[in-house]
Number of protein chains: 2
Amino acid sequence: MRQNERMTNGGGLRERKKARTREAILREAFRLFRERGYAATTTEQIAEAAEVSPATFFRYFPTKEDLVTLDRFPPLVEALAAEPPGAPVTVLRRAFRAAFASLTAEQIAAGHAREVFAVTVPELVAANLRRTPGLLREVAGLLADKTGRDADDPRIRDALGAVFGVVTLVWWQWAGDPAMDGPAEIDKALARLESGLNE
Amino acid sequence: MRQNERMTNGGGLRERKKARTREAILREAFRLFRERGYAATTTEQIAEAAEVSPATFFRYFPTKEDLVTLDRFPPLVEALAAEPPGAPVTVLRRAFRAAFASLTAEQIAAGHAREVFAVTVPELVAANLRRTPGLLREVAGLLADKTGRDADDPRIRDALGAVFGVVTLVWWQWAGDPAMDGPAEIDKALARLESGLNE
DNA sequence: TCTCCTTTGAGAGTTCACTCTCATTTGAGA
DNA sequence: TCTCAAATGAGAGTGAACTCTCAAAGGAGA
C-alpha cells in the first residue's frame, strides 16, 4: 500500500528531507567533479558543499565511487528480456533501441552527464567494471535464450563482446561530444555490425 | 655502442643488482597477489618479502599499479604497422596472429600470469585503461592507413570497437582458464567476426 | 505536549599509498 | 687503495578514504 518513494519522494517529511540531502550531495559532488576533477575532489569538500558532516556523507554513499556507480543499465536488461527471439546482434540492437525509447530525452540527458564521468575517469570505469562480469553473465543468459543456443557458446560470447566493444567506443565518443545523438549513433553502429564490418 | 640492458642484464655489477632487485620485487609481489589478492597486499608487505625498504620499493615502482601496468601491447602495434592493406577486421586479425607468433610460448605464458591480474582486478583494469585512449588512437590511425579510410570514419571506430570487445571477452575467459589456447581462441573469434556474427 | 526512534554532527582514530630528509653503504673508475 | 656518485635504509610525515562512538537534534505518533 505504501507509495513508490522513488517517484513521489515519499510521504513523510523525514523521507523528503533524506531525498533532498541525497540530491544535494549528488548535485554538489558532480559540480565539484566538473570544476576540479574526480580525484581532486575530496569527500570532505563534497560534504561541506552539501552542508552535511563527513560522517553523514558516508551514510548516504558508503564509498566515493558509489556517487557515480549505482544504478546503471537496468533498462537494457529489461528491454532485452522482453525481446522476441532472433540472431544475437539483431536482438541486442533491438534491445538498445527499446531501452533508449523507454527513457525521456531529459532522462537521457541527465544520465549522460553522469555517464561522462563513469566512462571517462579510470577509477570509475573500474568501479563499474566490478559489476560488469555479473551483468555480462546475465545478458549472456538472456541472449542464449533468445537465440536458442548455450550460454557458453563462443558465438554468444563473441556477439556480446563485439556489441559491448562497439557500444563502448560510441559511448566514449559521446562523452566527449554531448551534441552527438548517442542512441542514434549506437543504432547505426550496431546496424553496421549486423551487416558485417568488412564491407 | 652500449649494449641493450634489457637482454644482457647490462655489464656492471650495479646493473645486475638492480635487475635482480627489480625481479625480486615483481616475483614476491605476484606471489602475494596470488595468495591474498591485490588489494589485500600492502606495499610494505611486498617490500619486506623482497627484502628492500619501503622507500626502495617506490624507487623501483612509483605506484603500486605500475607493478602490473607497464609495458603491455607493443607487439600488437608493431605487428599492425607491418601488415599489408585490407579490410579492417581482417587486418586486425592478421596483426594479432603475427603479434603472438613473434612471442615464444614461454613469453606468452609469463605474460599470461601478469595479464590475469591486469584483466581481473578492477583497479588494474583502470590503470591500464588510462593508457587505452592513446593506444586506441594509435591503432585507429594505423587501421585507417591500411584500409584507405579516414581515422575518424565511424566504420574504423566500429571495427576497432568490435575487435577490442571480442578480444577482451576471450582474454577474460583465458584469465580464468589457463589451459585455454588464448591466441588460437582469439583467432577463431576474430574469424567469426570477419564472416558475420549473425550466422 | 510528551516520548520514542531515527538521523545527524563532532571529532578522534585507523589504514595505506606515497613523500622527504639525511646518514650510510657500496659499486665504479682512477 | 682512494674518491665520488649512486643506491639504500631508517624513519618521520602527509593526505585522504573510511570507521566508530557518543551525545544532540528533530520527525513520528500518541
Roughly, in whole Å, what's the span from [atom1] in [X] to [atom2] in [N]?
| X | N | atom1 | atom2 | value |
| --- | --- | --- | --- | --- |
| B:Gln45 | C:dC16 | CD | P | 8 Å |
| B:Lys64 | C:dA17 | NZ | P | 5 Å |
| A:Phe58 | D:dT21 | CZ | P | 17 Å |
| A:Arg20 | D:dG26 | CZ | C1' | 14 Å |
| B:Asp66 | C:dC18 | CG | C1' | 12 Å |
| A:Glu44 | C:dG11 | CD | P | 12 Å |
| B:Arg16 | C:dT26 | CZ | P | 17 Å |
| B:Glu15 | D:dA5 | CD | C1' | 13 Å |

B:Thr63 has its side chain closest, among D:dA16, C:dA17, C:dC18, to C:dC18
Just so I know, are the side chains of [X] and [Y] near enough to count as touching, which here means a heavy-atom distance under 4.5 Å?
| X | Y | result |
| --- | --- | --- |
| B:Leu92 | B:Leu160 | yes |
| A:Thr147 | A:Asp153 | no |
| A:Pro62 | A:Phe57 | no |

N/O (side chain, B:Thr42) to phosphate O (OP1/OP2, C:dC16) under 4.0 Å: no
Ion pair present between A:Arg93 and A:Glu194, side-chain N to carboxylate O less than 4.0 angstrom? yes
Sorted by chain and residue number, the side chain to side chain contact (heavy atoms under 4.5 Å, CB included) partners of A:Pro178 (sequence neighbours excluded) come out as A:His112
Applying the 3.5 Å cut-off to both distances, the Watson-Crick or G-U partner of C:dA30 turns out to be D:dT1
Applied to residues 15-35 of chain A, the ring pair (Phe, Tyr, Trp, His ring centres under 6.0 Å) test, sequence neighbours excluded, yields A:Phe30-A:Phe33, A:Phe30-A:Phe117, A:Phe33-A:Tyr38, A:Phe33-A:Phe117
Whether each nucleotide of nucleotides 4-9 of chain C has a protein heavy atom under 4.0 Å at its base (B), only at its sugar-phosphate (S) or at neither (-) is summarised, 5' to 3', as -BBSBB
key: Cluster link B:Val166 to B:Phe96, ILVMFWY, side chain under 4.5 Å   = yes
